[in-house]
Amino acid sequence: MTRLSAYLLPTEKEAPADAEAISHKLMVRAGLIRQVGTGMWTFLPAGWRVHRRVEQIIREEMDAIGGLEILMPVLTPAELWKRSGRYAIDELFKLKDRKGADLVLSLTNEETVTFHVASLVRSYRDLPRILYHIQTKERDEARPRAGLLRTREFIMKDSYTFDRDLEGLEAGYEKHARAYDRIFDRCGLEWYSVESDVGAMGGLGAHEYMAPCAAGENDVALAPGYAANVEVASAEAQPVELPPERDAPEEVHTPGLTTVAQVAAAMEASPGALLKAYPVIAEGRGLVVVVVRGDHRVNDVKLANALGTSFRPAREEEFADAVGPAGFIGPVGAQAPVLLDAAVPDDRGGFVCGANKPDAHLRGVQPGRDFQFERADVRTVVAGDTVGGHPIRIEPAIEVGNIFKLGTRYSEPLGATYLDETGQAQLIWMGSYGIGPARIAAAAVEQYADEKGISWPRSLAPFDAELVVLGKPGTDERAAADRLYEELRAAGLDVLYDDRDAGPGEKFADAELLGCPLRLTIGRRMLAGGELEAQVRRGRESRTLPLDGAAAAAVELWRTLP
RNA sequence: CGGGGAGUGGCGCAGUCUGGUAGCGCACCCGGCUGGGGGCCGGGCGGUCGCAGGUUCAAAUCCUGUCUCCCCGACCA
């Protein structure tokens, strides 16, 4: 029985004063969630229904690819994390028990699941396997934000594949990719999968599943047939117009001109004709001068990948002797290796760059002729760059899932091996795969909300339909609505019945705020003609249904909804 | 971690500058009207003003400390 008069659905006219994101405002206003502390949220009954519907879709698709559901604890011994090397992660919540033993609250479960597999899997005959669970994750986030979009505690489906070799891993990865496609389609989201960074922990490849929305934290570069996180995106740069070439670099006096804009203006050149130098200290390599076009920016993730190591910006005292003072650094004559961005052409002269001494720049510079360099794609793409001839656009998106080829990153430190046909111990190849149900729900709110409130995809809505009755208790309308409620339930619809003694405006406003895909209204006026109103939430179009056979007609209509 | 902002009834806010014992709207409770878009009238309940200390005859208001929350950035294995 889900009569609103006996339910807990605390709707609010006004959003929390400090909320910014649409999903944050609406999910609170609609009575789905309430905040406990920073990044800590309670799901109220209707909100938890949504969460469970997402979970169920995930569960079905994981089972369909042979996933075996288990449940691992949130609380784990620190020992496992010390072995994997993840004990040092700042986001990891660490605590001690009464005996003083170190414990950890899991932020994912690679250590735990690998620990088990190490002892449970003995033979190649035990492989491959897919294990998953849907469990609380704890992360000491630097900055939780935007309601459910980034929280410190959240539920995640994480699955792990265990295979005997890379080929097996690729197959498990592919299975997950297809399962994820189905999951996000079934959830009714607009989504795409993008290439992503494998991160500092290494890995053999990864994709992220992104749901575009204004509150998204990631920027994604998109073109027909191309989608990548801007952290790793590559594209053809827009051409740049260069000043006249010269036989050799020519020094120009540029007192006090240290910014790209100032130098470009003084030289009557476009910013793209400048070579911007960014000195960094690369781990194990020392000073490297990274050079990009003046209209481009260095991408830290791509740079770290290109260097093959972590790096940090060099301090003035670390680079001044080799390349001159800040603002006048350039690649010509630099006493350090030069890493030249791929977007800088080396078949033309005419570039402008710092002269490695105060108050001077060079013009007429040509890479290769005037300085040696190493090539790498290290810039951040910008809107208008092209991929396959198509200009890219960049839009914000929220990450709702990821898939990651781990390789032997965990099986090695945790000793997860199997015996092959020849009796030799071999490392198990692993993959890990995450999905956040709460983020899926929040992304759906972001993507489909309108000025009246939430508009759930049919598969995620807390209820299939909301039945609104107008009129005082004891009236014919009430009797008709009570009957229809039972018929709808018998027909298989999950119905929220607004049987409160409240005015029509309030009931309609609440129903549209909550966002169930179908609203059925019984009121005196239409009841007199033996009819009722059916409103489709997405688009808010109304139609009239005969009361006779209304349940069957409503189910039929409901089946056609998005 | 850096920058900015905010804590006053369930929610949204005023009052703080200029100290005098807390107010508005919504919600809630009671009664009545209304009954297809948050309707109307009347009557009510509800707040140690985040917390601690200090100044003062007197503190929501001034001072010190502290906690919490939000936004931007950094970070995000």
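Proteins come first, then strands; the chains are lettered A, B, ... in the order of their sequence lines, and each starts at number 1.
D510(A) comes within 4.0 angstrom of a base, heavy atoms only. Counting non-hydrogen atoms under 4.0 angstrom, E217(A) reaches nothing in the nucleic acid. Using a 4.0 Å heavy-atom distance criterion, A21(A) is classed as making no nucleic acid contact. Across all strands, D501(A) comes closer than 4.0 Å to base atoms (heavy-atom distances). At the heavy-atom level, A502(A) lies under 4.0 Å from base atoms of the strands shown. Nucleic acid contact for P10(A): none, since no nucleic acid atom lies under 4.0 Å from a heavy atom of the residue. Among the heavy atoms of the strands lying under 4.0 Å from K472(A) is at least one base atom, whether or not backbone atoms are also near. Among the protein residues, R139(A) comes within range of no part of the nucleic acid, since none of its heavy atoms lies under 4.0 Å from any strand. When heavy atoms are screened at a 4.0 angstrom cut-off, R519(A) is found touching base atoms of the nucleic acid.
Using P as the reference atom, rC69(B) and rC30(B) are 36 Å apart when rounded to the nearest Å. As rounded to the nearest Å, rC63(B) and rU56(B) have P atoms that lie 16 Å from one another. Comparing rG4(B) with rA74(B), their C1' atoms are spaced 15 Å from each other, to the whole Å. One P atom belongs to rG47(B), the other to rA22(B), and the distance between them is 12 Å to the nearest Å. A gap of 14 Å separates the P atoms of rG15(B) and rG20(B), to the nearest Å. Rounded to whole Å, the separation between the C1' atoms of rC29(B) and rU64(B) comes to 43 Å. Rounded to a whole angstrom, the distance from the C1' atom of rA59(B) to that of rU16(B) is 10 Å. When the C1' atom is used for both rG9(B) and rA60(B), the distance is 14 Å, rounded to whole Å.
Nearest nucleotide to the side chain of T38(A), out of rC70(B), rG37(B), rG38(B): rC70(B). Looking at the side chain of R145(A), the nearest of the listed nucleotides rC71(B), rC69(B), rG12(B) is rC71(B). In the set rC72(B), rG37(B), rC26(B), the nucleotide with an atom closest to the side chain of K13(A) is rC26(B). The listed nucleotides are rC75(B), rG37(B), rG38(B); the one nearest the side chain of R29(A) is rG38(B). Proximity note for R143(A) (side chain, C-beta onward) versus rG36(B), rC72(B), rG38(B): the nearest is rC72(B). You'll find that the side chain of K452(A) is closest to rG37(B), out of rC11(B), rG37(B), rC75(B). The E12(A) side chain lies nearest to rG10(B) when the options are rG10(B), rG37(B), rA77(B). Here the nucleotide nearest the side chain of A142(A), chosen from rG37(B), rA77(B), rC75(B), is rC75(B).
The partner of rA58(B) is absent, by the rule that a Watson-Crick or G-U pair needs both atom distances under 3.5 Å. Across all strands shown, rC33(B) forms a Watson-Crick or G-U wobble pair with rG39(B), both key distances being under 3.5 Å. Judged by Watson-Crick or G-U wobble contacts below 3.5 Å, the nucleotide rA6(B) has rU68(B) as its partner. In this structure, rG19(B) makes no Watson-Crick or G-U wobble pair, since no nucleotide meets both defining distances under 3.5 angstrom. rC28(B): Watson-Crick or G-U partner is rG44(B), with both key distances under 3.5 Å. Under the Watson-Crick or G-U wobble criterion, with both distances below 3.5 Å, rG73(B) is paired with rC1(B).
Between K96(A) and D102(A) a salt bridge is recorded (basic side-chain N to carboxylate O distance below 4.0 Å). R29(A) and E14(A) are not joined by a salt bridge, as no carboxylate oxygen comes within less than 4.0 angstrom of a charged side-chain nitrogen. In summary, D510(A) and R500(A) engage in a salt bridge, as defined by a charged side-chain N under 4.0 Å from a carboxylate O.
A donor and an acceptor atom sit less than 3.5 Å apart, one in the side chain of E533(A) and one in the base of rG36(B).
Looking at H207(A) and Y173(A), their side chains do bring a donor and an acceptor atom within 3.5 Å of each other.
Panel note: side chain R538(A), backbone G515(A); no donor-acceptor pair is recorded below 3.5 Å.
For N229(A) against D219(A), the heavy-atom pair with the smallest separation is OD1-O, 3.5 Å.
Comparing P16(A) and R524(A) by the nucleotide of RNA chain B whose heavy atom lies nearest to each, the residue mapping closer to the 5' end is P16(A).
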| task | Begin with the C-alpha distance, continue with both residues' side-chain angles, and end with the deciding distance and a verdict on side chain to side chain donor-acceptor pair (under 3.5 Å) for T76(A) and W81(A). | result | CA-CA 9 Å; T76(A) 54; W81(A) 300 77; 2.9 Å; yes
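Regarding contacts with the backbone of rG37(B), every side-chain N or O of Q535(A) stays at 4.0 angstrom or more from both OP1 and OP2.
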